[in-house]
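Data block below; observations after.
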Amino acid sequence: MIGYFPALLFLILLIGFIPERLHAQQTGRDSSSVYKVNKKIEIPISTALLVADYYGFRYLDNKPGLSYEEVQKLDANDIWAFDRIATQQDPSYRERAHDLSDLFLNISVGLPILLGLDRKIRKDWLDLLVLYAETHAINSGIYIVNTSLFNRVRPLVYHHDIPIEERTANETRNSFYSGHVSSTASASFFMAKVFCDYHPGLENKKYWIFGAALIPPSLVGYYRVKAMKHFPTDVIIGGLVGAASGILVPHFHKRKLYHSGLDIQPLLGNTLGLRACYTFK
């Protein structure tokens with residue numbers, strides 16, 4: 001997981017060193033931006049979160065595994081059938097599957113750069129850069145806290161053909177949930193959410209966009225199971241958490257949530273008062 005992290009830190013550093021003139025230009029366009037981003041607050045907070053996440057990932061990488069005696073007591077038959085398939089993969093293919101999952105993760109994290117091909121979106125690139133870094137900072141923080149609390153053993157620990165040194169190694173109790181899938185989903189769904197927000201005329205066609213956003217995390221999840229790193233439920237939960245992060249961070253920054261959702265009008269005549277109406281969109 002820590003392999004893709006330098007790219008996210010680079011994004012934050014890039015934001016911090018953007019010339020003041022460009023900041024001013026962006027501020028001048030804020031009134032037409034789809035999102036409301038308070039850079040003076042959100043950049044420092046996102047930076048702090050990402051730095052904390054970096055050390056959190058290092059902690060998880062060194063999280064102690066099981067002892068030899070504990071490994072010997074494990075029985076794959078104790079796992080329910082839906083997840084048990086992860087312990088029955090071909091161990092000779094797991095290294096290749098692991099490399100492929102890393103590859104698709106790294107590609108997916110960079111996918112939102114394609115949003116820059118859209119002129120309407122490109123003009124707000126600084127806002128989106130801040131939001132994207134914030135999305136990963138929050139998503140990674142949730143993952144670290146969760147995986148620190150839960151100690152689910154990875155599927156490979158159950159397989160007797162894998163050397164005992166690997167089955168008792170560090171970070172073998174980081175199975176729940178999949179950070180690879182979560183990070184991939186946060187990137188792909190962030191991209192889908194932003195594209196749809198800038199093109200509200202898509203209407204029902206937007207569901208095809210969100211459907212396409214399922215492809216990258218599904219690929220990564222497939223190879224994480226083949227690599228015997230995660231159970232199917234780990235993949236599903238990781239995808240849900242990542243998708244929620246990728247969608248909700250931009251959603252809660254949308255300007256219409258501040259302006260068009262709540263409508264308050266005075267009541268005049270025989271009765272004086274206020275009429276409030278909130279429209280959910």
Side-chain angles (χ1 to χ4, degrees), residues 4 7-8 11 15 26 29-30 32-37 42 46 100-140 142-143 177-225 232 234-261 279-281:
Y4 87 105
L8 298 179
L11 289 178
I15 297 170
Q26 182 72 15
R29 289 196 297 263
D30 274 351
S32 64
S33 175
V34 171
Y35 301 111
K36 183 177 178 66
V37 181
E42 296 187 51
S46 296
L100 287 172
S101 69
D102 282 350
L103 174 64
F104 287 123
L105 166 66
N106 292 324
I107 292 175
S108 299
V109 169
L111 280 178
I113 197 172
L114 296 177
L115 292 170
L117 299 176
D118 189 307
R119 184 176 301 176
K120 184 186 296 187
I121 299 176
R122 186 167 62 239
K123 67 182 178 63
D124 297 325
W125 64 274
L126 182 54
D127 283 348
L128 297 178
L129 194 59
V130 173
L131 290 180
Y132 188 56
E134 187 175 323
T135 297
H136 276 286
I138 293 173
N139 183 68
S140 296
I142 295 172
Y143 165 75
Y177 51 83
S178 174
H180 275 63
V181 174
S182 181
S183 295
T184 303
S186 67
S188 63
F189 278 90
F190 176 90
M191 184 178 180
K193 172 64 172 171
V194 170
F195 185 82
C196 292
D197 284 347
Y198 275 85
H199 298 278
L202 287 170
E203 297 180 347
N204 290 337
K205 294 179 182 178
K206 67 183 179 182
Y207 296 113
W208 290 100
I209 303 296
F210 282 102
L214 283 169
I215 296 175
S218 297
L219 279 172
V220 173
Y222 171 78
Y223 284 111
R224 294 306 282 174
V225 172
D234 302 329
V235 168
I236 293 171
I237 298 300
L240 291 174
V241 173
S245 300
I247 292 172
L248 292 179
V249 171
H251 180 72
F252 286 123
H253 284 80
K254 286 187 69 175
R255 285 187 173 274
K256 69 177 184 180
L257 292 178
Y258 297 90
H259 300 296
S260 63
T279 302
F280 292 90
K281 296 185 176 181

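Since the model is a prediction, treat every value here as computed from it, not as a measurement.
Note that OG of S218 is 10.0 Å distant from CD1 of I236, once rounded to the nearest 0.5 Å. Taken to the nearest 0.5 Å, the CG atom of N106 stands 7.0 Å off from the CG atom of L103. One distance of note links OG of S33 with NZ of K123; it measures 6.0 Å at 0.5 Å rounding. One finds the CD1 atom of I237 at 11.5 Å from the OG atom of S178 (value rounded to the nearest 0.5 Å). Distance check: C196 SG to Y207 OH gives 9.5 Å after rounding to the nearest 0.5 Å. Distance check: D127 CG to E42 CD gives 9.0 Å after rounding to the nearest 0.5 Å.
Across all their heavy atoms, R224 and V181 have their closest contact at CG-CG2, 4.5 Å. Here the shortest heavy-atom pairing between S245 and N139 reads OG-OD1, 3.2 Å. Annotation for A185 and A243: closest pair CB-N, 3.7 Å, computed over non-hydrogen atoms. The nearest pair of heavy atoms linking K193 to G246 is CB-O, 4.1 Å. Closest approach of S108 to P112, counting heavy atoms only: O-CD, 3.6 Å.
L248 pairs by the side chain to side chain contact (heavy atoms under 4.5 Å, CB included) definition with A244, F252, not counting sequence neighbours. Residues forming a ring pair (Phe, Tyr, Trp, His ring centres under 6.0 Å) with Y222 (at least two apart in sequence, or on another chain): none. Every residue meeting the side chain to side chain contact (heavy atoms under 4.5 Å, CB included) condition with A192, not counting sequence neighbours, appears here in chain and number order: I209, F210, A213.
A donor and an acceptor atom, one from each side chain of H251 and D197, are nowhere located under 3.5 Å apart. Between the side chains of H199 and D118, at least one donor N or O lies within less than 3.5 Å of an accepting N or O.
Of the possible polar contacts, one joining the T135 side chain to the L131 backbone as a donor-acceptor pair under 3.5 Å is found.
Put simply, the side chain of L105 reaches to within 4.5 Å of the side chain of S183, judged on heavy atoms. Within the 4.5 Å cutoff, the side chain of Y35 has heavy atoms near those of the K254 side chain. Two residues are said to be in side-chain contact when any heavy atoms from C-beta on lie closer than 4.5 Å; Y198 and L115 fail this criterion. Side-chain contact check for F190 versus L111: every heavy-atom pair is 4.5 Å or farther apart.
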Would you sort out whether L202 and F195 count as a side chain to side chain contact (heavy atoms under 4.5 Å, CB included), showing the intermediate values? CA-CA 10 Å; L202 287 170; F195 185 82; 3.8 Å; yes

Is there a side chain to side chain contact (heavy atoms under 4.5 Å, CB included) between V249 and F189? Walk through the geometry before answering. CA-CA 11 Å; V249 171; F189 278 90; over 6 Å; no

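Counting heavy-atom neighbours within 6.0 Å of I113 CD1, excluding the residue itself, gives a total of 12 or less.
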